[in-house]
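Quick note: residue numbers are just sequence positions, from 1.
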Amino acid sequence: MSNSKLKLALAILTSPQAAFEEILQRRLLGDAFLIVGLTGLAAMLGAVARGMALGSAQLFVIGRDNPLTWVGLWMLYSLVLWGLLKWVGGRTEYENVLIVLGWSHSILLAHQILGAIWGFLL
């Protein structure tokens with residue numbers, strides 16, 4: 001990610017409304033896919049590290065901690081949220097919901113990276 005996109009990801013912690021307005025204005029959907037995929041990859045690496053440290057039973061977690069699962073669930077949750085917003089009278093596009101929820105994964109990405117590092121340090 002470029003420096004300005006990293007600043008946007010960090011701005012989600014300090015001023016989320018302004019950050020999401022900028023993200024929606026730039027239409028950063030591709031970056032949202034990348035963030036969610038990287039979050040799934042970091043989750044998978046953390047599961048492998050925990051499996052190496054705590055035993056092979058932990059490796060069964062990899063089924064839910066992988067990039068494809070994270071991207072699929074993100075798209076499904078976005079679809080459900082979009083449907084709920086339409087049901088209560090909200091006017092938004094599915095793409096906007098995808099962008100906001102995808103960029104929200106930047107905090108989860110940091111958490112998963114720290115979890116993977118912790119797992120490898122075991």
Side-chain angles (χ1 to χ4, degrees):
M1 285 195 285
S2 70
N3 191 22
S4 65
K5 291 178 184 175
L6 184 59
K7 286 180 183 177
L8 281 174
L10 291 174
I12 291 171
L13 290 171
T14 58
S15 57
Q17 181 177 358
F20 284 126
E21 285 177 7
E22 180 70 21
I23 289 165
L24 284 173
Q25 185 180 24
R26 291 188 191 183
R27 312 294 290 173
L28 297 174
L29 180 60
D31 293 320
F33 270 97
L34 181 65
I35 291 170
V36 175
L38 288 174
T39 304
L41 181 65
M44 185 177 68
L45 291 175
V48 169
R50 287 186 303 277
M52 291 182 341
L54 302 174
S56 60
Q58 295 289 321
L59 294 175
F60 289 111
V61 177
I62 295 175
R64 69 176 172 94
D65 286 334
N66 65 65
L68 291 176
T69 302
W70 278 77
V71 169
L73 286 174
W74 161 61
M75 294 177 76
L76 180 64
Y77 292 153
S78 297
L79 184 64
V80 169
L81 181 59
W82 178 66
L84 287 172
L85 287 171
K86 286 186 71 164
W87 182 58
V88 296
R91 294 183 181 176
T92 187
E93 298 175 14
Y94 177 60
E95 181 183 358
N96 291 342
V97 176
L98 278 173
I99 291 170
V100 169
L101 286 180
W103 273 83
S104 296
H105 277 72
S106 60
I107 298 166
L108 290 171
L109 176 59
H111 176 265
Q112 293 296 339
I113 288 172
L114 292 175
I117 291 171
W118 174 79
F120 281 112
L121 289 177
L122 287 176

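- Taking CG from Leu24 and CG from Leu29, the interatomic distance works out to 10.5 Å, rounded to the nearest 0.5 Å.
- The ring-ring contact (aromatic ring centres under 6.0 Å, His included) pairs that include a residue from residues 7-29 number zero, where partners must be two or more places apart or lie in different chains.
- Interatomic distance, CG of Asn96 versus CZ of Arg27, reported as 4.5 Å (0.5 Å rounding).
- Of all the heavy atoms in Gly102 and Ile35, the pair that sits closest is O-CG2, 3.6 Å.
- Side-chain contact between Arg26 and Ser4 is present, with at least one heavy-atom pair separated by less than 4.5 Å.
- Rounding to the nearest 0.5 Å places CZ of Arg50 at 6.0 Å from CG of Asp65.
- Shortest non-hydrogen contact noted between Ala9 and Ser106 is O-OG, 3.8 Å.
- Residues Ala43 and Trp70 approach most closely at CB-NE1, 3.7 Å, considering heavy atoms.
- To the nearest 0.5 angstrom, Trp103 atom CH2 is 5.0 Å from Ile23 atom CD1.
- For Phe120, the ring-ring contact (aromatic ring centres under 6.0 Å, His included) test picks out no residue, with sequence neighbours left out.
- Proximity of a side-chain donor or acceptor of His105 to a complementary backbone N or O of Leu101 within less than 3.5 Å is detected.
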Where do Leu8 and Ile12 land on the side-chain contact (heavy atoms from CB on, under 4.5 Å) test, with the steps shown first?
CA-CA 6 Å; Leu8 281 174; Ile12 291 171; over 6 Å; no
Listed pairs under 3.5 Å, donor-acceptor, residues 71-86 side chains, sequence neighbours left out:
from: Trp74; atom 1: NE1; to: Leu98; atom 2: O; distance (Å): 3.2
from: Ser78; atom 1: OG; to: Trp74; atom 2: O; distance (Å): 2.8
from: Trp82; atom 1: NE1; to: Thr92; atom 2: O; distance (Å): 3.0

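- The NZ atom of Lys5 lies 5.5 Å from the CG atom of Leu28; values are rounded to the nearest 0.5 Å.
- Taking both residues in full, the closest heavy atoms of Ala42 and Ala116 are given as O-CB, 3.8 Å, listed atom of the first, atom of the second, then distance.
- Both Val36 and Leu13 are part of a single hydrophobic cluster, where members link through side-chain heavy atoms under 4.5 Å apart.
- Note: Leu68 CG to Met44 CE = 9.5 Å, rounded to the nearest 0.5 Å.
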